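One structure below.
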Amino acid sequence: MQIGVLAKRSGLTASRIRFYEAQGLISVDRRANGYRIYSPAALVALNIITSAQEAGFTLEEIRRLMPGDLSGGYDGALLDALRKKVDDISAMEKRLRRTRLQIEALIADVENRPEGLTCEANIDRVLKQFKDPQRTQALDR
């Protein structure tokens, strides 16, 4: 199929498809007139690439994991990579949860400025609390 047809079927722009081709993620045959002709496997590969990117895989990770023959099975590396990605996401969720709690605590501290305290003094008060290691440990729980 020509690039326009592949673009329509995949939902990607022709330039994006050419980019993936240049990255070695999909292959293409050329006609004598120079037109690119893609096999149906290119559409499968593009679907894998876009799904993997949406799941957080980098192009380098995709390149390493992309099966050479899309009609066959895989050697288990894909399953291992998926499990590692789940672990990475879990660690990221933990960091994000901690960061959210810290920001929420900061908002509460700033909003609960004692009466008569200047803004500068309130900032000093809040920052001192965030330097307290016990407070950081409490947020980790």
Side-chain angles (χ1 to χ4, degrees), residues 1-115 117-141:
M1 75 186 90
Q2 290 183 337
I3 196 164
V5 174
L6 183 59
K8 186 174 183 177
R9 289 186 183 172
S10 67
L12 299 171
T13 63
S15 62
R16 175 59 59 178
I17 293 169
R18 286 190 292 272
F19 171 76
Y20 291 142
E21 177 188 338
Q23 295 296 309
L25 294 169
I26 60 171
S27 59
V28 63
D29 292 323
R30 294 241 184 205
R31 287 188 174 165
N33 61 6
Y35 285 178
R36 291 172 167 91
I37 297 298
Y38 296 91
S39 72
L43 180 60
V44 174
L46 290 172
N47 288 334
I48 291 170
I49 292 165
T50 55
S51 294
Q53 283 187 301
E54 288 173 5
F57 286 87
T58 65
L59 288 181
E60 184 56 38
E61 289 171 323
I62 295 167
R63 183 179 292 105
R64 286 193 310 262
L65 296 171
M66 184 73 87
D69 177 10
L70 295 173
S71 63
Y74 60 91
D75 63 1
L78 177 62
L79 190 56
D80 291 342
L82 292 172
R83 287 186 174 126
K84 182 183 180 322
K85 188 57 70 175
V86 168
D87 291 343
D88 293 346
I89 291 169
S90 294
M92 186 182 303
E93 287 173 335
K94 184 178 178 180
R95 286 190 309 270
L96 288 171
R97 190 171 30 259
R98 181 173 184 242
T99 301
R100 188 194 77 236
L101 290 172
Q102 287 174 332
I103 292 171
E104 288 172 348
L106 178 61
I107 290 169
D109 285 344
V110 170
E111 289 178 339
N112 295 320
R113 177 175 65 167
E115 197 168 319
L117 199 61
T118 66
C119 287
E120 290 173 351
N122 193 40
I123 290 171
D124 288 341
R125 178 187 67 87
V126 170
L127 291 177
K128 283 179 187 172
Q129 291 176 13
F130 270 87
K131 292 177 184 176
D132 179 6
Q134 290 179 347
R135 178 188 179 110
T136 303
Q137 290 171 358
L139 290 173
D140 285 339
R141 292 184 199 129

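This one's a predicted model, so the numbers in the text were calculated from it and none came from an experiment. In this chain, numbering begins with 1 at the start of the sequence shown.
Asp88 is linked by a salt bridge (Lys or Arg N to Asp or Glu O under 4.0 Å) to Lys84, counting only residues two or more places apart in sequence or in another chain. With sequence neighbours excluded, the residues forming a side-chain contact (heavy atoms from CB on, under 4.5 Å) with Ala14 are Ile3, Arg18, listed by chain and number. Judged as a side-chain hydrogen bond (donor to acceptor under 3.5 Å, both in side chains), and not counting sequence neighbours, the contacts of Arg125 are Asn122. Shown here are the side-chain hydrogen bond (donor to acceptor under 3.5 Å, both in side chains) partners of Asp80, two or more places apart in sequence or in another chain: there are none. Scored by the side-chain contact (heavy atoms from CB on, under 4.5 Å) test, Ile123 finds Leu127 as partners (sequence neighbours excluded). Scored by the side-chain hydrogen bond (donor to acceptor under 3.5 Å, both in side chains) test, Ser90 finds no partners at all (sequence neighbours excluded). Take Ser27 and apply the side-chain contact (heavy atoms from CB on, under 4.5 Å) test, not counting sequence neighbours, and it matches no residue. Residues passing the salt bridge (Lys or Arg N to Asp or Glu O under 4.0 Å) test with Lys85 are Glu61, sequence neighbours excluded. For Glu104, the side-chain contact (heavy atoms from CB on, under 4.5 Å) partners are Arg100, Leu101, not counting sequence neighbours. Under the side-chain hydrogen bond (donor to acceptor under 3.5 Å, both in side chains) criterion, Glu60 pairs with Arg63, sequence neighbours left out.
Separation of atoms CD (Glu115) and CG (Asn112) is listed at 13.0 Å; rounding is to 0.5 Å. Distance CD/Gln23 to CD1/Ile62: 10.5 Å, rounded to 0.5 Å.
In terms of heavy atoms, Ile17 sits closest to Ser10 at CD1-OG, 4.0 Å. Listed here is the closest heavy atom pair of Cys119 and Arg113: SG-NH1, 3.1 Å. Considering all non-hydrogen atoms of both residues, Ala42 and Leu6 come closest at CB-CD2, 4.2 Å. Between Leu25 and Leu59 the shortest heavy-atom distance is CD1-CD2, 3.7 Å.
The closest side-chain heavy-atom distance from Phe19 to Leu12 is not below 4.5 Å. Side chains of Lys94 and Arg98 form no contact here, defined as non-hydrogen atoms less than 4.5 Å apart.
Among residue pairs with one or both ends in residues 27-52, those qualifying as salt bridge (Lys or Arg N to Asp or Glu O under 4.0 Å) are Glu21-Arg36; sequence neighbours excluded. For residues 41-53, every residue pair satisfying the side chain to side chain donor-acceptor pair (under 3.5 Å) rule, not counting sequence neighbours, is listed here: Tyr20-Gln53.
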Check against side-chain contact (heavy atoms from CB on, under 4.5 Å), Ile37 and Val28: CA-CA 6 Å; Ile37 297 298; Val28 63; 5.5 Å; no
Criterion side-chain contact (heavy atoms from CB on, under 4.5 Å) on Leu65 and Ile48, from CA distance to verdict: CA-CA 10 Å; Leu65 296 171; Ile48 291 170; over 6 Å; no
